[in-house]
Amino acid sequence: MKTDDRLDSPIAALCREKGMKLTGQRRTIAHVLSESDDHPDVEELYRRATAVDPHISIATVYRTVRLFEEKGILRRRDFGGGRARYETTDHGDHFHLIDVDTGSVMEFDDEELKALLAAIGARIGYDVATTRLELYGRRLKKKGR
């Protein structure tokens with residue numbers, strides 16, 4: 001399998017759709033982002049990308065993330081903790097729960113919550129186009145511990 005085949009990814013496809021030039025390093029970063037099931041910051045993205053291609057510099061990761069953000073491929077998120085994290089823009093409306101003790105971010109979807117938010121919007125005279133909801137919390141302690 002050629003390296004280019006292995007590194008073809010949904011984000012690389014989005015880049016091509018937007019007419020972006022895909023260098024080998026951008027393709028690697030796109031692949032790593034496509035494989036991510038979390039919201040990596042640039043440092044974590046750099047660590048993962050250099051595991052695939054040790055020649056990628058941190059500056060390249062910063063430039064690529066900024067370019068992907070400008071082109072609407074990535075969305076910058078600030079969940080606290082002093083570091084921006086990133087997610088792709090192509091997986092629709094969803095919500096986030098951030099564990100204040102560990103910093104981990106969990107995505108969730110809830111149709112009942114979406115309906116409630118739409119009803120609130122309608123009550124004040126708006127059709128809700130999109131939502132952004134971040135919950136911050138601590139894992140509940142189980143009884144008996």
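In this chain, numbering begins with 1 at the start of the sequence shown. The basis for the numbers below is simple: all heavy atoms, side chains too, and nothing from hydrogens, waters or symmetry mates.
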Cluster link Phe68 to Val52, ILVMFWY, side chain under 4.5 Å: yes
Whether the side chain of Lys71 engages the backbone of Cys15 through a donor-acceptor N/O pair (distance < 3.5 Å, no angle test) should be reported. no
Rounded to the nearest 0.5 Å, the CD1 atom of Ile98 sits from the CD atom of Glu134 at a distance of 5.0 Å
Does Gln25 reach the side chain of Asp53, with side-chain heavy atoms less than 4.5 Å apart? yes
Can you check whether Ile11's main-chain N or O pairs, donor with acceptor, with Ser34's side chain at less than 3.5 Å? yes
Any chance CG of Leu140 has more than 12 other-residue heavy atoms, nucleotides or ligands included, within less than 6.0 Å? no
When you compare the side chain of Glu43 with that of Ile58, does any pair of heavy atoms fall below 4.5 Å? yes
Between OG1 of Thr102 and CZ of Arg139, what distance do you get to the nearest 0.5 Å? 8.0 Å
Hey, mind stepping through Leu117 and Phe95 against side chain to side chain contact (heavy atoms under 4.5 Å, CB included) and telling me if it holds? CA-CA 12 Å; Leu117 294 172; Phe95 308 108; 3.9 Å; yes
Among Asp41, Val65, Val61, find the residue that satisfies the side chain to side chain contact (heavy atoms under 4.5 Å, CB included) test when tested with Tyr46. Val61
Would you say that Asp99 contacts Met106 through its side chain, given a criterion of any heavy-atom pair below 4.5 Å between the two side chains? no
Does Leu74 share a hydrophobic cluster with Met20, counting links as ILVMFWY side-chain heavy atoms below 4.5 Å and allowing steps through other members? yes
Treating Thr60 as the side-chain partner and Ile56 as the backbone partner, does any N or O pair qualify as donor plus acceptor under 3.5 Å? no
When rounded to the nearest 0.5 Å, the distance separating OH of Tyr136 from CG of Asp101 is 14.0 Å
Nearest 0.5 Å please: distance from the CG atom of Leu33 over to the OG1 atom of Thr64. 9.5 Å
Taking every heavy atom of Ala49 against every heavy atom of Val32, the minimum-distance pair comes out as CA-CG2, 3.9 Å
Check: Arg26 side chain, Lys21 main-chain N or O, donor-acceptor pair, under 3.5 Å: yes
Output, in order, the C-alpha distance, side-chain angles, deciding distance and verdict of salt bridge (charged side-chain N to carboxylate O under 4.0 Å, His left out) for Glu44 and Arg48. CA-CA 6 Å; Glu44 180 59 23; Arg48 294 175 190 177; 2.7 Å; yes
Could you pull out all residues at least two apart from Lys114 that satisfy side chain to side chain donor-acceptor pair (under 3.5 Å)? Asp109
Under 4.5 Å between side-chain heavy atoms, counting indirect links through other Ile/Leu/Val/Met/Phe/Trp/Tyr residues: same cluster for Val128 and Leu133 or not? no
For a side chain to side chain contact (heavy atoms under 4.5 Å, CB included) check, start with the C-alpha distance between Leu116 and Asp110, then their side-chain angles and the critical distance, and finish with the verdict. CA-CA 10 Å; Leu116 175 62; Asp110 187 302; over 6 Å; no
Taking a hydrophobic cluster as the set of Ile, Leu, Val, Met, Phe, Trp and Tyr residues connected by side-chain heavy atoms closer than 4.5 Å, whether directly or through intermediates, do Ile29 and Val42 fall within one such cluster? yes
